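Since we're looking at a predicted model, the values are computed, not measured.
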Amino acid sequence: MKLYRNAIILVIIVALLVGAYFLISRNKANEEITDNTAENLLKLTDYTSEDVESVKLQNADGTFIIVKKDTEWTLSSPTDFTADSSVLSSIVINAASLTADKLVEENAGNMATYGLDKPIIITLKLKDGTEKVLEIGNQTPTESGYYGRLSGENKVYVLGSYSSEKLVIGKNGLRSKAIYSIASDTINQLSMDRDGQNVFVSEMDANKNWSMVQPIKGSMNASALTPMLEAVASLTVTDFVEDKPADLSKYGLDKPSYSLGFKTADGKAYKLIMGAEKTKGSDIYVKLDGRDEVYLMDISAFTFLDKPLKEIVDVFAYIVNIDQVKKIDLTMDGKTTTMTLDVYTDAEGKTDADKDKFTVDGKDASGKDDKDKQPFRTFYQSLIGISLDEVDVNGTPAGAPEISINYTLKNGTMKVDYISKDANYYYVVRNGEYAGILVKKNKGDLGVIGMKESYKAMMDFLAAQK
């Protein structure tokens with residue numbers, strides 16, 4: 001019994017000793033790891049970007065010199081493309097403070113083994129005149145980093161992938177993916193061609209109102225225009241394809257599918273040319289007119305490219321504020337109705353509908369119906385609210401108008417004629433000039449039928465007045 005008890009005590013003592021051993025070993029290991037990370041870092045350079053005057057990057061694409069201008073790192077050479085300042089800043093930061101993951105060989109004899117016989121060379125010039133030259137060779141077999149060394153030394157290191165990939169960068173990696181820098185609210189002219197044919201030309205006036213000027217005239221549809229301006233202004237490329245291409249046809253840029261021209265308030269003009277899609281609905285080949293560079297661009301934001309013209313422009317047969325009209329002569333269904341308008345405005349320019357004076361064929365039409373609305377104003381809104389249904393710039397109106405509206409304005413006159421095209425449409429002619437638009441004969445809201453119904457309601461209201 002005593003022997004059994006002693007055996008148990010012995011087992012417990014052994015267990016305690018084993019536990020103590022592992023605890024001490026673990027603590028010691030932790031101390032060694034902490035010691036390695038804190039004191040034994042393999043630092044090839046140990047500066048801040050504030051210590052740096054310039055960085056020279058030499059690789060297969062050429063020599064690139066990075067300097068600071070004002071508060072941003074810029075490319076002083078070459079100057080034939082725009083570099084991304086954030087990429088340049090990253091190069092400076094990582095070159096100034098570069099650490100290695102491990103030392104591979106203390107005294108390497110054959111640098112070709114590591115790709116260091118033809119390395120990427122990074123020359124770090126400090127403000128105190130000191131220069132440090134880094135060399136980067138091949139990627140490691142496990143792709144965990146790149147081999148590197150300080151120029152003139154035989155120690156070869158493995159550089160961490162994060163830092164080294166910031167330095168192993170070619171010309172295209174340096175480029176800014178914003179091929180121009182503009183704000184959408186500075187654009188004052190926009191045009192689009194499709195398959196070599198102009199779709200429209202639009203302009204912004206001094207009051208920041210957008211109008212289409214070709215092929216028809218009218219206000220631009222804001223819901224269609226805004227995405228166009230934003231897509232153009234925020235354009236970035238997804239990849240750089242080729243400098244100075246000898247053959248544009250392989251990108252579909254010899255016969256562009258689309259092109260967007262735009263001007264900005266500072267007088268600069270741009271033309272974005274689009275060719276073939278590399279990936280349907282995704283990437284498309286593009287170039288800027290005047291530049292010999294081909295890019296890939298994400299086309300997803302350009303959903304408006306195939307919109308019909310009638311969805312881009314808001315065109316009414318003729319629209320004018322009621323306070324600018326003195327008289328209307330409406331001829332339809334074999335009858336001419338004459339209306340006079342006198343919209344009340346006080347000395348401060350304020351209006352008062354109760355003081356308006358309207359007549360129809362000499363009869364007072366200023367009254368309100370049982371819904372407290374003026375039937376005359378309802379009719380007027382439907383008269384000027386007839387909107388386009390189709391664009392037909394090649395139409396040839398002929399014959400007498402079925403509906404004719406003569407507006408006598410405070411400043412000039414306007415005659416709007418509706419001339420029959422066929423059983424479904426009218427041509428719209430303004431002051432003898434075809435407007436390039438068609439309106440449906442049988443449309444109610446914003447159409448001729450709606451106008452006729454409002455006219456009848458007004459005339460019925462007047463007939464019921466004593």
Peer 1: Going by heavy atoms in the side chains, are F379 and M451 under 4.5 Å from each other?
Peer 2: yes

Peer 1: Take I169 and L57, measure what side chain to side chain contact (heavy atoms under 4.5 Å, CB included) needs, and give me the verdict at the end.
Peer 2: CA-CA 9 Å; I169 190 168; L57 176 64; 3.9 Å; yes

Peer 1: Flag the pair K421 / E390 as yes when at least one side-chain heavy-atom distance between them is below 4.5 Å, and no otherwise.
Peer 2: no

Peer 1: Can you classify the ring geometry of F81 versus F64 as parallel (below 30°), tilted (30 to 60°) or perpendicular (above 60°)?
Peer 2: perpendicular

Peer 1: Any non-hydrogen side-chain atom of F200 less than 4.5 Å from a side-chain atom of V313?
Peer 2: no

Peer 1: Hydrogens and angles aside, do S184 and E230 bring a side-chain donor and acceptor to less than 3.5 Å of each other?
Peer 2: no

Peer 1: What do the steps show when you test N424 against K440 for side chain to side chain contact (heavy atoms under 4.5 Å, CB included), and what is the final call?
Peer 2: CA-CA 6 Å; N424 299 311; K440 288 182 178 179; over 6 Å; no

Peer 1: Please round to the nearest 0.5 Å and tell me the distance separating atom OH of Y425 and atom CG of D389.
Peer 2: 6.5 Å

Peer 1: When you look at F304 and F302, which way does the ring pair (Phe, Tyr, Trp, His ring centres under 6.0 Å) test go after all the steps?
Peer 2: CA-CA 5 Å; F304 53 84; F302 290 73; 5.6 Å; yes

Peer 1: Check each of D205, N221, T226, I187 against W210 using the side chain to side chain contact (heavy atoms under 4.5 Å, CB included) test, and report the only one that passes.
Peer 2: I187

Peer 1: Please enumerate all residues that pass side-chain hydrogen bond (donor to acceptor under 3.5 Å, both in side chains) together with D354, with sequence neighbours excluded.
Peer 2: K368

Peer 1: Any side-chain heavy atom of I91 sitting closer than 4.5 Å to one from L174?
Peer 2: yes

Peer 1: Run the side chain to side chain contact (heavy atoms under 4.5 Å, CB included) check on L44 and T99 step by step: do they pass?
Peer 2: CA-CA 6 Å; L44 277 69; T99 60; over 6 Å; no

Peer 1: Are more than 12 heavy atoms from other residues, nucleotides or ligands located less than 6.0 Å from atom NZ of K441?
Peer 2: yes

Peer 1: Mark yes when over 12 heavy atoms from residues, nucleotides or ligands other than K373 sit less than 6.0 Å from its NZ; otherwise mark no.
Peer 2: no

Peer 1: Counting only heavy atoms from other residues, nucleotides and ligands, does the tally under 6.0 Å from NZ of K171 exceed 12?
Peer 2: yes

Peer 1: Can we say E153 and K155 salt-bridge, meaning some charged N sits less than 4.0 Å from an Asp/Glu carboxylate O?
Peer 2: no

Peer 1: Do V156 and M111 have side-chain heavy atoms sitting under 4.5 Å apart?
Peer 2: yes

Peer 1: Pair L309, M212 - check side chain to side chain contact (heavy atoms under 4.5 Å, CB included), show working.
Peer 2: CA-CA 10 Å; L309 193 61; M212 185 176 290; 3.5 Å; yes

Peer 1: Could you list the donor-acceptor pairs under 3.5 angstrom formed between side-chain atoms of residues 255-267 and any protein atom two or more places apart in sequence or on another chain?
Peer 2:
from, atom 1, to, atom 2, distance (Å)
S257, OG, M274, O, 3.3
S257, OG, G275, O, 2.8
Y258, OH, D306, OD1, 2.8
Y258, OH, D306, OD2, 3.0
T264, OG1, D266, OD1, 2.4
T264, OG1, K268, O, 3.4
D266, OD1, K268, N, 3.2

Peer 1: Between L253 and Y285, which heavy-atom pair has the shortest distance, and what is it?
Peer 2: CD2-O, 3.8 Å

Peer 1: Looking at every heavy atom in both L248 and V294, which two are closest together, and how far apart are they?
Peer 2: CD2-CG2, 4.2 Å

Peer 1: I want to check something: taking the side chain as every heavy atom from C-beta on, are L167 and I120 in contact at a cut-off of under 4.5 Å?
Peer 2: no

Peer 1: CG/N188 to OG/S202 distance, rounded to the nearest 0.5 angstrom?
Peer 2: 10.0 Å

Peer 1: Distance from I93 atom CD1 to L88 atom CG, nearest 0.5 Å?
Peer 2: 11.0 Å

Peer 1: With a 4.0 Å cut-off, would you call K244 and D80 a salt bridge?
Peer 2: no

Peer 1: Is it true that E50 and K68 make a salt bridge, defined as a side-chain N closer than 4.0 Å to a carboxylate O?
Peer 2: yes

Peer 1: Does atom NZ of K125 have more than 12 heavy-atom neighbours, drawn from other residues, nucleotides or ligands, at distances under 6.0 Å?
Peer 2: no

Peer 1: Decide, yes or no, whether a salt bridge links K217 with E433 under the criterion of side-chain N to carboxylate O below 4.0 Å.
Peer 2: no

Peer 1: Looking at T238, V286, V237, which one forms a side chain to side chain contact (heavy atoms under 4.5 Å, CB included) with L296?
Peer 2: T238

Peer 1: Quick one, I437 and R430 - any side-chain contact, counting heavy atoms below 4.5 Å?
Peer 2: yes

Peer 1: Under a 4.5 Å cut-off applied to non-hydrogen side-chain atoms, are L98 and L159 in contact?
Peer 2: yes

Peer 1: Got a second to check how far M192's CE is from L272's CG, nearest 0.5 Å?
Peer 2: 12.0 Å

